Amino acid sequence: MAKIGSAERVVEYSLEFKIRVVKLTLALDVKAKDVASVLGLHPIMIYRWRQEYRADKFEEKPTRRISMTKETSDNNEELSKDKEIAQLKRALADAQKENNFLKKWDGYLKEQSQKNSRS
């Protein structure tokens with residue numbers, strides 16, 4: 001059985017987030033290292049995402065995770081509501097991540113423009 005060697009959680013970024021980061025780094029004349037430091041990512045992640053984007057490897061891959069619980073017919077309505085709530089919570093969390101990302105990016109761009117105007 002595999003063990004996790006560190007106390008930190010593994011974060012899996014959504015495909016939309018990866019594409020947005022790659023497009024921002026390609027569209028603007030900014031180093032991937034700078035974007036990574038602003039977003040709290042490792043620069044190698046952005047380099048890898050760029051490579052995958054250029055090779056058209058960004059596609060939704062089916063997950064191998066399966067549910068070990070069996071749904072019963074009388075609980076279907078309750079389970080569907082729970083699934084909908086969970087889906088909405090995930091969507092809200094993604095929107096909050098995206099919002100925080102855009103705030104960080106805006107702050108970074110303002111900082112860069114101030115640095116460029118001083119010199």
Side-chain angles (χ1 to χ4, degrees):
M1 177 178 270
K3 293 183 180 179
I4 298 175
S6 68
E8 294 182 22
R9 290 181 25 182
V10 176
V11 178
E12 187 173 319
Y13 296 98
S14 69
L15 184 64
E16 295 84 23
F17 178 78
K18 292 177 185 180
I19 290 173
R20 182 166 271 178
V21 170
V22 169
K23 285 184 178 180
L24 283 172
T25 60
L26 294 175
L28 301 173
D29 190 23
V30 181
K31 296 179 181 179
K33 179 176 80 170
D34 297 333
V35 174
S37 66
V38 169
L39 298 177
L41 300 171
H42 198 280
I44 291 177
M45 290 179 79
I46 296 178
Y47 297 136
R48 188 183 73 225
W49 293 348
R50 280 180 171 180
Q51 285 179 335
E52 291 173 359
Y53 182 76
R54 287 183 189 127
D56 284 335
K57 292 184 180 178
F58 270 162
E59 55 189 43
E60 290 289 338
K61 296 178 183 172
T63 181
R64 294 181 54 168
R65 296 179 184 167
I66 59 171
S67 174
M68 298 303 287
T69 59
K70 190 173 183 178
E71 295 179 10
T72 58
S73 60
D74 53 317
N75 289 335
N76 279 344
E77 186 177 321
E78 193 173 305
L79 287 174
S80 66
K81 287 182 181 178
D82 290 341
K83 285 182 181 180
E84 184 179 2
I85 290 171
Q87 182 181 10
L88 290 172
K89 285 182 179 180
R90 282 192 302 271
L92 176 62
D94 288 345
Q96 287 172 336
K97 274 187 198 177
E98 185 176 319
N99 192 16
N100 290 336
F101 166 73
L102 292 173
K103 285 180 183 177
K104 286 181 182 180
W105 187 253
D106 187 45
Y108 173 77
L109 290 177
K110 286 179 183 175
E111 180 181 308
Q112 290 300 314
S113 67
Q114 288 175 353
K115 283 183 183 178
N116 291 338
S117 66
R118 291 182 187 158
S119 51

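None of the values given here were measured: they were computed from a predicted structure.
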Which residues pass the salt bridge (charged side-chain N to carboxylate O under 4.0 Å, His left out) test with Arg20, sequence neighbours left out? Glu98

Sequence neighbours excluded, the answer for salt bridge (charged side-chain N to carboxylate O under 4.0 Å, His left out) partners of Lys89 is none

Counting only pairs under 3.5 Å, give me each side-chain donor-acceptor contact of residues 34-46, with atom names and distances, residues two or more places apart or in other chains.
{"unit_1": "Asp34", "atom_1": "OD2", "unit_2": "Tyr108", "atom_2": "OH", "d": "3.3"}
{"unit_1": "Ser37", "atom_1": "OG", "unit_2": "Asp34", "atom_2": "O", "d": "2.8"}
{"unit_1": "His42", "atom_1": "ND1", "unit_2": "Ile44", "atom_2": "N", "d": "3.2"}

Could you tell me the separation between the [atom1] atom of [X] and the [atom2] atom of [Y], rounded to the nearest 0.5 Å?
{"X": "Lys81", "Y": "Lys83", "atom1": "NZ", "atom2": "NZ", "value": "15.0 Å"}
{"X": "Glu111", "Y": "Asn116", "atom1": "CD", "atom2": "CG", "value": "10.5 Å"}
{"X": "Thr25", "Y": "Lys33", "atom1": "OG1", "atom2": "NZ", "value": "14.5 Å"}
{"X": "Leu26", "Y": "Lys23", "atom1": "CG", "atom2": "NZ", "value": "10.0 Å"}

Can you pull out every ring-ring contact (aromatic ring centres under 6.0 Å, His included) where at least one residue sits in residues 13-37? Sequence neighbours excluded, please. Tyr13-Phe17, Tyr13-Trp49, Phe17-Phe101

Set of residues satisfying ring-ring contact (aromatic ring centres under 6.0 Å, His included) with respect to Tyr53, sequence neighbours excluded: none

Sorted by chain and number, sequence neighbours left out, ring-ring contact (aromatic ring centres under 6.0 Å, His included) with Tyr47 holds for none

Might you work through the salt bridge (Lys or Arg N to Asp or Glu O under 4.0 Å) test for Arg90 and Asp94, ending with a clear yes or no? CA-CA 6 Å; Arg90 282 192 302 271; Asp94 288 345; over 6 Å; no

With sequence neighbours left out, which residue pairs that include part of residues 45-55 fulfil the salt bridge (charged side-chain N to carboxylate O under 4.0 Å, His left out) condition? Arg48-Glu52

Begin with the C-alpha distance, continue with both residues' side-chain angles, and end with the deciding distance and a verdict on side chain to side chain contact (heavy atoms under 4.5 Å, CB included) for Trp105 and Asn100. CA-CA 8 Å; Trp105 187 253; Asn100 290 336; over 6 Å; no

Counterpart residues, side-chain hydrogen bond (donor to acceptor under 3.5 Å, both in side chains), relative to Lys103 (two or more places apart): none

Quick one: side-chain hydrogen bond (donor to acceptor under 3.5 Å, both in side chains) partners of Asp56, sequence neighbours excluded? none

